[in-house]
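We name chains A, B, ... by the order of the sequence lines, and we start the count at 1 in each one. Fair warning: this is a prediction, and the values are worked out from it, not measured in the lab. Every heavy atom of this structure was used, including side-chain atoms; hydrogens, water molecules and symmetry mates were not.
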Amino acid sequence: MNLPRLYHRLRLTVVQVRSLHGSSNVQQVETAAVAAESDPVSSQFSVFRTSENDPACHTDLHAGQYYTLPTAQLRTLFPHGLPYRFQMQIKTFNEACVMVRQPALELISYLKKADYSRPALRYILYGETGCGKTMSLCHALHFCATQGWMVLHIPDAHLWVKNCRELLPSSSRPGRLDQPLQASLWLKNFKTTNDRFLSKIKTTQRYVWTKRETTEEGRPLGELVDQGVARVKSSSDVVGALLRELRLQAGGAAEGAFRLAVAVDGVNALWGRTTLKKEDKSEVLPEELTLVHNLRKMLRNDWSGGAILTTLSHTGSLYKPRSAYLPMELLGEEGFDTMDPFVPVPVSSYTEKEFESCYLYYMDRHWLQHPHSQTEEGKKELIFLSNRNPSILERLCATL
Amino acid sequence: MAACSSSRAVRSILLNCGKYSRTPRRPAHSLNPQLLYRHVCQSAAVWGKNLAAAGPEKFSEEYIKKQIEEFSIGKRHLANMMGEDPETFTQEDIDRSIAYLFPSGLFEKRARPVMKHPDIIFPKQSAIQWGEDGRPFNFLFYTGKQAYYSLMHEVFGKVLAIEKRQDRLRNEDTTDIKQISLTGSRWMLKEELEDLLVETMSDHDYSRFLQLMERLVALPYSSLEEEFVQRFRQQLGVQSSKQEIPALQHDEKGVAFCQANGRRKTASASITLRDCRSGNIMVNGKSYLQYFPILQDREQLMFPLHFVGMLGRFDVEAHVEGGGRSAQAGALRLAISRALLSFVSSGEMETMRQAGLLTSDPRVKERKKPGQAGARKKFTWKKR
């Protein structure tokens, strides 16, 4: 691709962009353009992209711009974490570009400033459906990964409370129910993400799985995880043990110390209702599920050396009205009391600048094929029809 | 004296009324009692009846003249009764007063009391077309359609006259060619022509008549016969002049706003359109994205604003109730279009009207009929 010509073409779009904005936004665009031009490498790119791919260096200057996730890191970091439509977009565009947005920047700044000798802080990202909570969470996780943290990412807690085909009564506790398939799948993905840590961390206790299988004290965690992946029946208990180990050892003063980032997407599932039924057709409460029980223990702030990043999600939630998006509504009383105190981070629809950026990105990727959508009026129509909601805009552009 | 005259007026009103199940208390003055019982509202325009098939006149000319006199007197009495000026008492005022004085709960509008000019109520009839000796008056009587053929003769005569004039004036070589302008009017329909001539005609006859009139109009000096031609043309009123524009108001901060209503099926919407630079739309207190998750409904909301090109300019606060989601979207669209009228020029209003934005959709759910499963669906047909 002829870069100088591309640069000139994109300069024209910059001029167009400037003429569109109201006065308040012109300064932002100009500062962004200035910042882009000051860096000789990024001056090759346009207003909506930044070459700064390290989340730790993202500042307000980069707000509204897209940064690229390197493909190699993508597979290790997010084997299961990204939203489905975003994964399809990655496949189509052959690149993973994430927009740097204000909620993610806020979250990362909190993570940078937090004191990790104190109990873990809980952050809840909340907002209307399709505003970008999961994407902000993934951005923050990328930051944690680049800082060398250990990432414990539960992609969607709702998957654990519904559509479970196999519910086994727990081997360890009488009243509980196991979910072997979900647990083993999650353990596999966890292993992909955190392989390098698993050899260093050692177990502190002896675990007995069956009459013949045990895991001794002092064995590397990798063995524990392999045990769970291989022996599907006891995988839920393995998950519980793993969480306990990590809780005990995170942020320790030893030289193998690591920081733990617990990321739960759709945390309101843990305190909602389930659609699972026991054999006598009575409803299963969330606390009766081993996975949920252990995860709830993880979300208590009685451990230190890490952070708990969560998202509320209405999309997979059960028995909640469509208009519910606030923490109180989605978590319920019990959930709210458990999660309290937390740091709320609101996520809203695109601002004008972010919408511009998204539109230019789609234009750059030749995603908007309809000739009318490339005009000014087409853009106004897109703004109206989507009301700047990211997911609705994405679905709309996909049809054009 | 006054009581007597007013009672006579009331009676004359009653005489012209439609509901005629009861006989009048006193036989009317010099009228043939047999004729009285035939006073059913027979206006051709109202009933769409075939005039010529009614045959020669049932009401004599003096009778009709008498009726017209009585109608005008009755009109003045009615105006006095209602306390209004008899000179400027129009037909609309008469209708209003009759509806007030004789309130009727009947659903059939044609069965309600009516007081109209006798020309409307009594059908136009063809006079008897032959004299006492049996010889017809018109030379074209034996064609069967004498009015039609005499009209065609007349028009052709005019065509010939114009052509002769044209030949004469061509020698003098004037450049003063004037033609009749036909914009803003249309030819009479076949039904209207039948009404005028009091005679039936076929579609073929009507098309031949139109061809001849077009030929007349196409001739160079046809402006001489303009008056004759305009007799057969109906003026088309400009529709948008009848459109009501909601008033533009200003609130305390000087922001212009406008309120309008709209209805579709069972849904009714009322909106306030504000002229701020933001494009927020709130429906029943929720964002329109939340209220209308379906794209089609949002497109309906977008249509009027996009059509006039004012997408990001207005702030809409809407209340809508009744109907389903599509009906509510349609009601809101109509309300927004109406509110936009006060922000838009008259030319744009005409284009909006032609785009169908200002027309309220008359379609409602059709009634289910007995003997059928639905409005149109029939029960399974069994051959035996």
Kindly check if the number of other-residue, nucleotide or ligand heavy atoms within 6.0 Å of CD (B:Q230) is above 12? yes
Query raised in the report: Taking the six-membered ring where the residue is Trp, are the ring centres of B:Y288 and A:F384 under 6.0 Å apart?
Result: yes
Rounded to the nearest 0.5 Å, the CD atom of B:E299 sits from the CD atom of A:E381 at a distance of 8.5 Å
Distance col, row B:M302:CE vs A:K380:NZ, nearest 0.5 angstrom, shows 12.0 Å
Item to complete: Show the numbers, then the answer: is there a side chain to side chain contact (heavy atoms under 4.5 Å, CB included) between A:I392 and B:R298?
Response: CA-CA 12 Å; A:I392 302 222; B:R298 275 175 278 140; 3.7 Å; yes
d(B:I281 CD1, A:N387 CG) to nearest 0.5 Å is 8.0 Å
field: Close side-chain approach of A:E128 to B:S287, heavy-atom, < 4.5 Å
entry: no
Bottom line for A:S386: the part with an atom under 4.5 Å from chain B's heavy atoms is backbone
(request) State whether the side chain of A:R322 and the backbone N or O of B:Q290 hold a donor-acceptor pair below 3.5 Å, judged by distance alone. (result) yes
Rounded to the nearest 0.5 Å, the CG atom of A:L385 sits from the CG atom of B:D297 at a distance of 11.5 Å
Whatever's closer than 4.5 Å to a heavy atom in chain A on B:L305 counts as side chain
By residue number, those in residues 358-367 of chain B with heavy atoms under 4.5 Å from heavy atoms of chain A are none
